[in-house]
Undergrad: 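Would you mind keeping the following structure in view while I ask a few things?
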Protein chains: 2
Amino acid sequence: MARRGTGRPTDLELEILKVLWGEGPSTVRAVMKALSKRRRVGYTTVLKMLQIMADKGLVLRDDRQRAHIYRARHSRRTVAGRLANDLLDRVFDGSATQLVLHALSQKKAKPEELAEIRRLLDEIEGGKR
Amino acid sequence: MARRGTGRPTDLELEILKVLWGEGPSTVRAVMKALSKRRRVGYTTVLKMLQIMADKGLVLRDDRQRAHIYRARHSRRTVAGRLANDLLDRVFDGSATQLVLHALSQKKAKPEELAEIRRLLDEIEGGKR
DNA sequence: AGCTGTCAACGAAGGATTTCGTACATTCTC
DNA sequence: GAGAATGTACGAAATCCTTCGTTGACAGCT
């Protein structure tokens, strides 16, 4: 049971997680429908993926109904943080600043976003004083 | 020739790129030596990886000498930015702010780093005024 | 020339990811 | 109840990543 790879969700797994985060607990068909809007994907493929993901512990399955209900095991916040962290370690050697600098210089953030980041900085520094 | 996957370097590919970025153009053996400090890896494995990476266009090969010299095709800055960007699109739906917030809250940044980020923010906002 | 060490090239193998065909069970509808 | 629709489960195939054994070429040395 519980397989192990890199620990990171793969591309398709991430797409599926995003559906579950957005739609909440769903049946295979519901996930498949939502996913079809962005990607051509067959029913059994989604089913198989969800089975594997359940096996890996990425999703939880409620099989009390005939159509099993799947839901993400970890919040979007948790997984996203884990991935950001992972990228941090693998590429930026743990320097959050480097990652932030890249992220900010690549995408043009809106003024409100910049203000939000400033607020976070204040918050972090405030906690230390 | 020129294969295509996700476009992202894999884990081992990234490790190899980091060696090339750090050491500069190197032979297979030199890469293998440097890599051995952090990971158990055989000579032919590194050779094969470099051949594949050259095929993909991740590295460039100079085969004028008997021992071919490999070097990273793109700078660390470029690749890192691309990866941060990719994560942004795949997980944070393009919101740099979200990524920054996660990055900053996961790792505890040093005060100097926070100051550096502030400087960047000033720079970005300054350019608009 | 023969021996030794280093090199590139190739192919194969094992594991992971993704896709889908098929089989079989259950539920719904006529 | 028969047949269609919908569901799970299983297994196989295609591709990619990673690893390594083997082969043949080449260079240096005696």
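Throughout, protein chains are lettered first and strands after them, A, B, ... in sequence-line order, and every chain is numbered starting at 1.
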Undergrad: Taking only Lys NZ, Arg NE, NH1 and NH2, and the carboxylate oxygens of Asp or Glu, determine whether A:Lys56 and A:Glu13 approach each other closer than 4.0 Å.
TA: yes
Undergrad: D:dA9 phosphate, OP1 or OP2: any side-chain N/O from A:Gln51 under 4.0 angstrom?
TA: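 So the side-chain polar atoms of A:Gln51 do come within 4.0 Å of the phosphate oxygens OP1 or OP2 of D:dA9, strictly under.
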Undergrad: When you check the gap from the basic side-chain N to the acidic O, do B:Asp11 and A:Arg8 get nearer than 4.0 Å?
TA: yes
Undergrad: Would you jot down, in residue-number order, the residues of residues 25-34 of chain A having a non-hydrogen atom under 4.0 Å from DNA chain D?
TA: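 A:Val28, A:Arg29, in order of number.
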Undergrad: What are the residues of residues 13-22 of chain B, sorted by number, that bring a heavy atom to within less than 4.0 Å of DNA chain C?
TA: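 Of all residues in residues 13-22 of chain B, none places a heavy atom under 4.0 Å from DNA chain C.
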Undergrad: Using salt bridge (Lys or Arg N to Asp or Glu O under 4.0 Å) as the criterion, list what pairs up with A:Arg64, not counting sequence neighbours.
TA: A:Asp62
Undergrad: Which atom pairs, one a donor and one an acceptor, fall under 3.5 Å between side chains of residues 65-74 of chain B and the rest of the protein, sequence neighbours left out?
TA:
from    : atom 1 : to      : atom 2 : distance (Å)
B:Tyr70 : OH     : B:Arg61 : NH1    : 3.3
B:Arg73 : NH1    : B:Gly57 : O      : 3.4

Undergrad: Would you say a side-chain N or O of B:Lys56 is under 4.0 Å from OP1 or OP2 of D:dC17?
TA: yes
Undergrad: Identify, residue by residue, the members of residues 35-46 of chain B with a heavy atom below 4.0 Å from DNA chain D, and return them in order of residue number, or none.
TA: B:Arg39, B:Arg40, B:Gly42, B:Thr44, B:Thr45
Undergrad: I need the residues from residues 62-70 of chain B with at least one non-hydrogen atom less than 4.0 Å from DNA chain D; give them sorted by number, or say none.
TA: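 B:Arg66, in order of number.
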Undergrad: Any side-chain N or O of B:Thr10 under 4.0 Å from OP1/OP2 of D:dT18?
TA: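 Yes, within the criterion.
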Undergrad: Over all strands shown, is A:Leu12 touching base, sugar-phosphate only, or nothing at heavy-atom distances under 4.0 angstrom?
TA: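 If one applies the 4.0 Å heavy-atom cut-off, A:Leu12 turns out to touch the sugar-phosphate alone, with no base involved.
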